[in-house]
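What follows is a single structure, written as structure tokens, with notes after it.
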Amino acid sequence: QVQLVESGGGLVQAGGSLRLSCAASVRIFSIYTMAWFRQAPGNEREFVAAAEWRSGGKFYADSVKGRFTISRDNAKNTVYLQMSSLKPEDTAVYYCAARPGDHTLNYDYWGQGTQVTVSS
């Protein structure tokens, strides 16, 4: 069983920055690909970013490229999402996700989510 706990959400003005964290309780964090998804009210959950365990590759949704950066600290079992130049359309609940193996859009484990609100 993998438990994921997100933190770092909050209210920020447009153009501001936030850093989300996700701590994973897993025996071998390094073999899990970690990702962030988000869901805005009335919308489906969408992929934001992923950090693959094997290749070290990073993947981003087009809507966040150049503004968001995903990183992971395997020693701390933690993945981060640094969000900059935030826009009101980034407002959503952000979820951390994990899966053993390479990145796909299907993840096995999910956190409870953290709210990010960007005011205009």
Side-chain angles (χ1 to χ4, degrees):
Q1 183 71 20
V2 176
Q3 292 186 323
L4 305 172
V5 179
E6 302 99 332
S7 60
L11 174 64
V12 64
Q13 288 189 330
S17 299
L18 276 176
R19 188 177 81 156
L20 305 183
S21 300
C22 172
S25 65
V26 59
R27 185 178 177 189
I28 309 176
F29 178 77
S30 59
I31 68 170
Y32 285 77
T33 291
M34 303 299 296
W36 291 93
F37 288 75
R38 67 186 181 186
Q39 187 168 20
N43 291 357
E44 293 185 353
R45 187 165 56 193
E46 63 176 2
F47 169 75
V48 175
E52 200 166 69
W53 76 278
R54 190 208 310 266
S55 68
K58 297 179 181 179
F59 307 87
Y60 296 95
D62 288 343
S63 58
V64 306
K65 279 181 182 176
R67 300 188 300 120
F68 291 11
T69 302
I70 189 170
S71 61
R72 57 189 295 163
D73 186 336
N74 288 345
K76 295 182 178 180
N77 283 16
T78 301
V79 63
Y80 305 96
L81 185 68
Q82 178 67 48
M83 305 185 294
S84 302
S85 302
L86 282 162
K87 305 175 182 180
E89 51 264 43
D90 294 319
T91 295
V93 177
Y94 283 71
Y95 296 92
C96 176
R99 71 183 306 276
D102 296 339
H103 167 59
T104 70
L105 292 181
N106 296 313
Y107 280 75
D108 302 296
Y109 305 101
W110 295 87
Q112 82 288 352
T114 185
Q115 177 71 46
V116 171
T117 302
V118 183
S119 63
S120 58

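Between atom CD of residue Gln115 and atom CD of residue Glu6 there is a gap of 12.0 Å, rounded to the nearest 0.5 Å. Atoms CG and CE, from Leu81 and Met34 in turn, are 11.5 Å apart once rounded to the nearest 0.5 Å. Rounded to the nearest 0.5 angstrom, Thr69 OG1 and Met83 CE are separated by 11.0 Å. Between atom NZ of residue Lys87 and atom OG of residue Ser120 there is a gap of 14.0 Å, rounded to the nearest 0.5 Å.
When all heavy atoms of Ser71 and Lys58 are compared, the pair lying nearest together is CA-NZ, 4.2 Å. Smallest separation of non-hydrogen atoms from Val118 and Thr91: N-OG1, 2.9 Å. Considering every non-hydrogen atom in both Ser21 and Trp36, the closest pair reads O-CH2, 3.6 Å.
A donor-acceptor contact shorter than 3.5 Å links the side chain of Ser25 to the backbone of Gln3. No side-chain donor-acceptor contact under 3.5 Å links Thr78 to the backbone of Ala23. A donor-acceptor pair under 3.5 Å is absent between the side-chain atoms of Thr114 and the main chain of Tyr94, judged by distance alone.
When side chains are defined from C-beta on, Leu86 counts as touching Phe68, because their heavy atoms get closer than 4.5 Å. With a 4.5 Å cut-off on side-chain heavy atoms, Arg38 and Asp90 count as touching. By the 4.5 Å heavy-atom criterion applied to side chains, Phe59 and Ile70 are not counted as neighbours. By the 4.5 Å heavy-atom criterion applied to side chains, Thr104 and Arg99 are counted as neighbours.
In the hydrophobic clustering of this structure, Leu105 groups with Tyr107; members are Ile, Leu, Val, Met, Phe, Trp, Tyr whose side-chain heavy atoms approach within less than 4.5 Å, directly or through other members. Note on Ile31 and Val79: same hydrophobic cluster, where clusters join Ile, Leu, Val, Met, Phe, Trp and Tyr whose side-chain heavy atoms are under 4.5 Å apart, directly or indirectly. Tyr80 and Val48 fall into different hydrophobic clusters, defined by Ile, Leu, Val, Met, Phe, Trp and Tyr side-chain heavy atoms under 4.5 Å apart, directly or through other members.
With sequence neighbours excluded, no residue forms a salt bridge (charged side-chain N to carboxylate O under 4.0 Å, His left out) with Glu89. Every residue meeting the side-chain contact (heavy atoms from CB on, under 4.5 Å) condition with Val2, not counting sequence neighbours, appears here in chain and number order: Leu4, Val26, Tyr32, Tyr109.
A salt bridge links Asp62 with Lys65; the closest basic N to acidic carboxylate O contact falls under 4.0 Å.
The ring pair (Phe, Tyr, Trp, His ring centres under 6.0 Å) test with His103 singles out one residue from Phe47, Tyr60, Trp53, and that residue is Phe47.
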